[in-house]
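Quick notes on the structure that follows.
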Amino acid sequence: MTKGRTVAAAIISVAALLLSLAPAAEAAQCGSSPAGFEAWKREFSAEAQGKGIGPTALSALMQTNYASATIAADRGQRSFSLSLEQFLAKRGATTIVAKGRQLKQSQAALFASIQQRYGVPPGPLIAIWGMETGFGSQRGNQNMLSSIATLAYDCRRPEFFTDQLYAALKLIDRGTLSGATRGSMHGEVGQTQFMPKNILAYGTGNLEVAANALNSTANFLKAHGWRAGAGYQPGEPNFAAIEAWNAAGVYQKAIALMGRQIDEGGGAAASR
């Protein structure tokens, strides 16, 4: 290679390196107050359009509002720092187990079909159902898209919620969700509280319907390594699937404990 070509190649390499280090000019910038939310929506909408998001979803995104209640809830998740006994008491474990045993009997055919298909017994599914929404009675009344858009804009965890926002927009384009869909503080929807990415990957039907939500939850657990017939207490093979469902250790242990009590039909709800 000649000296001139060597110098030219070096210049090109340096230019390429500088370009790779430069921030993407079109990236929507996160914020920590409502002040920049409207500008962020416009920037994000342009990015989303470039990635194939359709006009229905983009219109819904532009109609979202900054969800101050979601931000407050995201900053104040204190229950996950409680001891297991405190967490069980706060979340009403005794009631969940008692009601769960009744549902296991009254909906035996449903749970038998789920276990046959996915290998997941009734106990942990019922425990999740009770923990997440009180068996469908408390599914949240926040605008799902506003909650997720706000968290995608917020600088605390923008990467995680940007992925969730793209999933929500795809679901709106498909007609699975709408800009008016209501959910919990972080955008979870349905009887067992699915985030949009998990709806795309594991959802089976309308998740406001209990049977669909329970099938979808079992589908999630199976996809995360659930093995039919194996144990699901801490240290046992299926506990990892429960860990995948929720990152909080006290939540994971509570689901395993309540699930066992529902499946076995005995024991006090707050006992180890």
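Heads up: numbering here begins at 1 and tracks the sequence. Owing to the predicted nature of the structure, the values given are computational and were not obtained by experimental measurement.
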Item to complete: Could you pull out the closest heavy-atom pair between G187 and M144, with the gap in Å?
Response: O-CG, 3.5 Å
Worksheet entry | Distance in Å, M185 CE paired with L151 CG, rounded so as to fall on 0.5 Å steps | 11.0 Å
Worksheet item: How are the rings of Y153 and Y66 set to each other: parallel, tilted or perpendicular (split at 30° and 60°)?
Response: perpendicular
Worksheet item: Just wondering, are more than 12 heavy atoms of other shown residues or ligands nearer than 6.0 Å to CD in E38?
Response: yes
Worksheet item: Can you check side chain to side chain contact (heavy atoms under 4.5 Å, CB included) on T162 and F44, steps first, answer last?
Response: CA-CA 10 Å; T162 293; F44 191 93; 3.8 Å; yes
Worksheet item: Going through the checks in order, is the side chain to side chain contact (heavy atoms under 4.5 Å, CB included) test met by L169 and L61?
Response: CA-CA 8 Å; L169 294 173; L61 174 62; 4.1 Å; yes
Discussion item. More than 12 heavy atoms of other residues, nucleotides or ligands under 6.0 Å from CZ of R182: yes or no?
Written reply: yes
Worksheet item: Counting only N and O atoms by type, is there a donor-acceptor contact under 3.5 Å from the side chain of R156 to the main-chain atoms of D74?
Response: yes
Worksheet item: Under 3.5 Å, side chain of S146 to main-chain N/O of N143, donor-acceptor pair present?
Response: no
Fill in: All salt bridge (Lys or Arg N to Asp or Glu O under 4.0 Å) counterparts of K99, not counting sequence neighbours
none
Discussion item. Does atom NZ (K41) have a neighbourhood of more than 12 heavy atoms from anything else shown, all under 6.0 Å?
Written reply: yes
Worksheet entry | Spatial distance of atom CD1 (I128) from atom CD1 (I242) [nearest 0.5 Å] | 6.5 Å
Discussion item. Determine whether the aromatic ring centres of residues F160 and H186 are separated by less than 6.0 angstrom.
Written reply: no
Discussion item. Check for me whether the distance between the ring centres of F161 and Y166 falls short of 6.0 Å.
Written reply: no
Worksheet item: Do Q86 and S83 have side-chain N/O donor and acceptor atoms under 3.5 Å apart?
Response: yes
Worksheet item: Okay, side chain of N215, backbone of A211: is any donor-acceptor separation there less than 3.5 Å?
Response: yes
Worksheet entry | Pair F220 + W245: ring centers closer than 6.0 Å | yes
Worksheet item: Between F111 and W129, what is the ring plane arrangement, given parallel below 30°, perpendicular above 60°, and tilted in between?
Response: tilted
Discussion item. Please identify which of these residues, E208, E132, E188, meets the salt bridge (charged side-chain N to carboxylate O under 4.0 Å, His left out) condition with R139.
Written reply: E208
Discussion item. Does R75 form a side chain to side chain contact (heavy atoms under 4.5 Å, CB included) with D154? I'd like the steps, not just the answer.
Written reply: CA-CA 11 Å; R75 302 291 189 268; D154 186 66; 3.0 Å; yes
Fill in: No-hydrogen, no-angle side-chain donor-acceptor test under 3.5 Å, S184 and Q193
yes
Fill in: Test side-chain contact (heavy atoms from CB on, under 4.5 Å) applied to I262 and L257, L125, L103, I126, the passing residue
I126
Practice prompt. Mind checking the CE-CD spacing from M195 to Q164? Nearest 0.5 Å is all I need.
Written response: 4.0 Å
Item to complete: Of all the heavy-atom pairs spanning L82 and V250, show the shortest one and how long it is.
Response: O-CG2, 3.7 Å
Discussion item. Would you compute the distance between atom OH of Y118 and atom CH2 of W226 and round it to the nearest 0.5 angstrom?
Written reply: 14.5 Å
Worksheet item: Are D163 and R157 within salt-bridge range, i.e. N to O under 4.0 Å?
Response: no
Fill in: Side-chain H-bond candidate by donor/acceptor type, T70 with T150, under 3.5 Å
no
Worksheet item: Can a donor-acceptor pair be found between the side chains of S59 and Q63 at a distance below 3.5 Å?
Response: yes
Worksheet item: Taking it one step at a time, do M258 and L88 satisfy side chain to side chain contact (heavy atoms under 4.5 Å, CB included)?
Response: CA-CA 9 Å; M258 290 189 295; L88 288 165; 4.2 Å; yes
Distance-only donor-acceptor hits, side chain of residues 228-239, under 3.5 Å, sequence neighbours excluded:
{"unit_1": "Y232", "atom_1": "OH", "unit_2": "G259", "atom_2": "O", "d": "2.9"}
{"unit_1": "Y232", "atom_1": "OH", "unit_2": "R260", "atom_2": "N", "d": "3.0"}
{"unit_1": "Y232", "atom_1": "OH", "unit_2": "D263", "atom_2": "OD2", "d": "2.7"}
{"unit_1": "Q233", "atom_1": "NE2", "unit_2": "A256", "atom_2": "O", "d": "2.8"}
{"unit_1": "E236", "atom_1": "OE1", "unit_2": "Y232", "atom_2": "N", "d": "3.1"}
{"unit_1": "E236", "atom_1": "OE1", "unit_2": "Q233", "atom_2": "N", "d": "2.8"}
{"unit_1": "N238", "atom_1": "OD1", "unit_2": "R227", "atom_2": "N", "d": "2.7"}
{"unit_1": "N238", "atom_1": "ND2", "unit_2": "R227", "atom_2": "O", "d": "2.9"}
{"unit_1": "N238", "atom_1": "ND2", "unit_2": "A230", "atom_2": "O", "d": "3.0"}

Worksheet entry | Side-chain donor or acceptor of S216 paired with backbone N/O of T204 under 3.5 Å | yes
